[in-house]
Amino acid sequence: MTSSALTPAQRVHAERNLPRYTSYPTALAFDAQQASEAHAWIAGTNPADKLSVYVHVPFCRRLCWYCGCHTSIAHTYERVGTFFETLTREVDLVAARLGEHDGLAHLHFGGGSPNALSPEDFAALVTQLKAAFRPRPGAEIAAELDPGMLSEAFVDAAGDVGVNRVSLGVQTFDPTVQALVNRIQPYDHVARATERLRKVGVAGLNFDLMYGLPGQNPENVYESARLAVQLRPDRVAVFGYAHVPWMKKHQTMIREADLADLDGRWAQAEAADAALVEAGYVRIGLDHYALPEDAISRALAEGRLRRNFQGYTDDPAPVLVPIGPSSIGQFREGFVGNHVPTDQWSAAVARGELPLNRALAVDDEDRVRAAVIERLMCDMRVDVAAICRDHGFAENHLAESLAATDALQLAGLCERNGAVVSIPEPARRLMRVVAAAFDARLPQAATRHAKAV
Ligand SMILES: C[S@@+](CC[C@H](N)C(=O)[O-])C[C@H]1O[C@@H](n2cnc3c(N)ncnc32)[C@H](O)[C@@H]1O
Ligand code: SF4
């Protein structure tokens, strides 16, 4: 296991609170006043638009103390069942109002844990969504599932309705760390879930791993990643624990004394990276890895890698339809967000309204900056002048942002050659800092994001 340490110049930047740039502008810029405009965007999709649909299931069967997701614990099925009924009404509402389109390219279930739904309800939901949005041949149907609470009946139902990609939250295989975060999940359990998913035809498999959790160190992070790759998922994401107990009360169950400092976190991330690269995985953007033959590795090699709310993807769909509380969507004219609290979301659906409560229209200035940021986050290299030209601006339109990268070059975070900015491999994990140089909206939003490492 080899690793490089954080340099003093990098450390200053690693402390910054920055967005993850799964979109630009980021969701913090959305506002309530623009929500009414978004109805026309939804109705105005065009026949050439391929669809992506994101469905958020805000329930889990257990509460992991590190969790930063929008979820709550369903102690009985009653609440989940009521939620399911509302979700089916929302699907009908959205399908009735959406304009023409060219079919569904990508259906993604996130959460929470979509396997908090019963196998029957999940299968009925997928069937309804397929009827409503017409999957294209080869469409991806993906779900994020909690392997610790994954029944064989759920796996079988997922296979039957055509789920072809699953992301399992693995996080760590270390039993001491698992106990410290209230998530007991033995290796054999994950191995059995993996085997059964493959048996029912789920060909695409992603594992989420984490570093920076209480009790983690480079050795046990390396060992967890080594065990994970023995199961040969085609993709792995490695997330740094974001500790925000003032926003997520249950994180107060985690003792700060058990958390590594910045240098420790960096060493843990390096350890996961070493295990994955040694096992033949290709680095994808900020925090993803994939086998060389996987579709996102090929997309990276061919300059087609995209970044969206679900992370890295080869999905080129220009329209993302949001379903479920807190879901975020994207249309040509801008972004939309559903109500976050489940009761407000369900009250809107009960009134027969689309449950949107915030939106953001984007203009050409946003689009050109978004394109530069996306190329940096995907390719670690961007020709800023070419992107300005392609968007109808003068080649020097973003000269001020380009000049701002010079200070970052001195810190070793990027290299600039005229209007071409590239990020050297040792600074990969700090790519958000370079992207932020092109973010015109950052100053007012900066403190609400997690640290850059
Ligand atoms: C919706 S969950 C995945 C599915 C399922 N709920 C599970 O936990 O297995 C999404 C992922 O977010 C990551 N995550 C959750 N809380 C986090 C936090 N506070 N900081 C960083 N990553 C976090 C975890 O890796 C988790 O697998
Ligand atoms: S990590 Fe996953 S299973 Fe755990 S509480 Fe969060 S969303 Fe639920």
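Just so it is clear, the structure is predicted and the values come from calculations on it, not from any experiment. Both ligands and their constituent atoms are indexed starting at 1 by order of listing.
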S.K.: Is Q251 close enough to touch ligand 1? Criterion: a residue heavy atom under 4.0 Å from a ligand atom.
M.R.: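 In this structure, Q251 qualifies as a contact of ligand 1 - some heavy atom is under 4.0 Å.
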S.K.: Counting non-hydrogen protein atoms only, what is the nearest one to atom 2 (S) of ligand 1? Give residue, atom name and distance.
M.R.: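 Answer for atom 2 (S) of ligand 1: C69 SG, 3.9 Å.
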S.K.: For W65, does its backbone N or O pair with a side-chain atom of N182 as donor and acceptor, under 3.5 Å?
M.R.: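 Pair absent, no side-chain N/O of N182 close to backbone of W65.
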S.K.: Show which atoms of ligand 1 fall inside a sub-4.0 Å distance from at least one heavy-atom site of C67.
M.R.: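 Numbered from 1, ligand 1 contributes 16 (N).
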S.K.: Are D258 and Q216 close enough that a side-chain donor and a side-chain acceptor fall under 3.5 Å?
M.R.: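 Side-chain D/A pair, D258 to Q216: absent.
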S.K.: Using 2.8 Å as the threshold, say whether any N, O or S atom from C64 sits that close to atom 4 (Fe) of ligand 2.
M.R.: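 Yes.
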S.K.: Heavy-atom distances under 4.0 Å decide this one: backbone, side chain, both or neither, for D146 against ligand 1?
M.R.: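 Both backbone and side chain.
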S.K.: For ligand 1, does K248 get within less than 4.0 Å through its side chain, its backbone, both, or neither, judged by non-hydrogen atoms?
M.R.: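 Neither; no heavy atom under 4.0 Å.
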S.K.: Ring centroids only, cut at 6.0 angstrom: are Y54 and F309 within range, meaning strictly under it?
M.R.: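 They do not qualify: ring centres at least 6.0 Å apart.
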S.K.: Within 45 degrees of the ring normal and closer than 6.0 Å to the centroid, is that where the cationic atom of R429 sits relative to W266?
M.R.: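 Ring-cation test returns yes.
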S.K.: Which option, G112, P147, G148, A242, owns the non-hydrogen atom nearest atom 4 (C) of ligand 1?
M.R.: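 The option holding the nearest heavy atom is G112.
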S.K.: Counting heavy atoms only, which of R62, R183, Q171, H70 is nearest atom 2 (Fe) of ligand 2?
M.R.: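 The nearest heavy atom belongs to R183.
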S.K.: Taking only heavy atoms of G112 into account, list the atoms of ligand 2 that are under 4.0 Å away from them.
M.R.: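 With G112 as reference, the close atoms of ligand 2 come out as 7 (S).
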S.K.: Quick one: does G240 get a heavy atom under 4.0 Å from ligand 1?
M.R.: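 Judged by the 4.0 Å heavy-atom criterion, G240 does count as contacting ligand 1.
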S.K.: Do the ring centers of F438 and Y24 come within less than 6.0 Å of each other?
M.R.: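 No; Y24 has its ring centre 6.0 Å or more from that of F438.
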S.K.: Should R235 and D294 count as an ion pair when the cut-off is N to O under 4.0 Å?
M.R.: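 A salt bridge links R235 with D294.
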S.K.: Donor-acceptor pair, distance only, cut-off 3.5 Å: does the side chain of T26 make one with the backbone of S23?
M.R.: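 Checked: no pair found.
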S.K.: What do you reckon, are the aromatic ring centroids of F335 and W41 less than 6.0 Å apart?
M.R.: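 Ring centroids of F335 and W41 are no less than 6.0 Å from each other.
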S.K.: Which ligand 1 atoms, with their elements, are less than 4.0 angstrom from a heavy-atom of Q171?
M.R.: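 Counting atoms of ligand 1 from 1, those under 4.0 Å from Q171 are 8 (O), 24 (C), 25 (O), 26 (C), 27 (O).
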S.K.: Can R283 and E425 be counted as an ion pair, charged N to O under 4.0 angstrom?
M.R.: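 Salt bridge present between R283 and E425.
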S.K.: Out of E144, R62, R183, who is nearest to atom 7 (C) of ligand 1 when you count heavy atoms only?
M.R.: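 Comparing heavy atoms across E144, R62, R183, the nearest one to atom 7 (C) of ligand 1 lies in R183.
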S.K.: Can you tell me the protein heavy atom closest to atom 6 (Fe) of ligand 2 and the distance?
M.R.: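 In this structure, atom 6 (Fe) of ligand 2 has C67 SG, 2.3 Å as its nearest protein heavy atom.
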S.K.: Is there a donor-acceptor contact under 3.5 Å from the side chain of D121 to the main chain of S118?
M.R.: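 Not at all, since once roles are kept as given, no pair shorter than 3.5 Å links the two residues.
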S.K.: Which atoms of ligand 2 have any heavy atom of Y66 under 4.0 Å away?
M.R.: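 Within the 4.0 Å cut-off of Y66, ligand 2 contributes 1 (S).
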S.K.: Who gets closest to atom 5 (C) of ligand 1 by heavy atom: A116, S113, P114, A143?
M.R.: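 Among A116, S113, P114, A143, the closest heavy atom to atom 5 (C) of ligand 1 comes from S113.
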S.K.: Would you say C60 reaches atom 8 (Fe) of ligand 2 with an N/O/S atom under 2.8 Å?
M.R.: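 It does; at least one qualifying atom falls short of 2.8 Å.
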S.K.: Check each heavy atom of Y66 against ligand 1 and say whether those closer than 4.0 Å belong to the side chain, the backbone, both or neither.
M.R.: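 The part of Y66 near ligand 1 is both the backbone and the side chain.
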S.K.: Is the backbone N or O of V55 less than 3.5 Å from a side-chain atom of S327, with the two atoms forming a donor-acceptor pair by type?
M.R.: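 A pair under 3.5 Å: no.
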S.K.: Taking NZ, NE, NH1 and NH2 as the nitrogens, is one of them in R369 or D439 under 4.0 Å from a carboxylate oxygen of the other?
M.R.: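 Between D439 and R369 there is no salt bridge, as every charged N stays at least 4.0 Å from the carboxylate O atoms.
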S.K.: Please confirm whether S113 comes under 4.0 Å of ligand 2, counting heavy atoms of the residue only.
M.R.: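 For ligand 2, residue contact (heavy atoms, under 4.0 Å) with S113 is present.
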S.K.: Between ligand 2 and G169, can you find any atom pair, the residue atom being a heavy atom, that is separated by under 4.0 Å?
M.R.: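 The answer is no, since G169 has no heavy atom less than 4.0 Å from ligand 2.
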S.K.: Is ligand 1 less than 4.0 angstrom away from at least one heavy atom of C64?
M.R.: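 In this structure, C64 fails to qualify as a contact of ligand 1 - no heavy atom is under 4.0 Å.
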S.K.: Does R165 pair with D234 as a salt bridge, N-O distance under 4.0 Å?
M.R.: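 Yes, this pair counts.
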S.K.: Would you mind listing which atoms of ligand 1 come within a distance below 4.0 Å of any non-hydrogen atom of F239?
M.R.: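 Those atoms are 13 (C), 22 (N), 25 (O).
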S.K.: Would L145 count as a contact residue for ligand 1, given that I'm defining contact as a non-hydrogen atom of the residue lying under 4.0 Å from a ligand atom?
M.R.: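 The answer is yes: ligand 1 sits under 4.0 Å from a heavy atom of L145.
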S.K.: Provide, to 0.1 Å, the distance between atom 22 (N) of ligand 1 and the closest protein heavy atom, together with that atom's residue and name.
M.R.: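 Of every protein heavy atom, M210 CE, 3.5 Å lies nearest to atom 22 (N) of ligand 1.
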S.K.: Check for me whether the distance between the ring centres of H243 and Y241 falls short of 6.0 Å.
M.R.: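 Yes, close enough.
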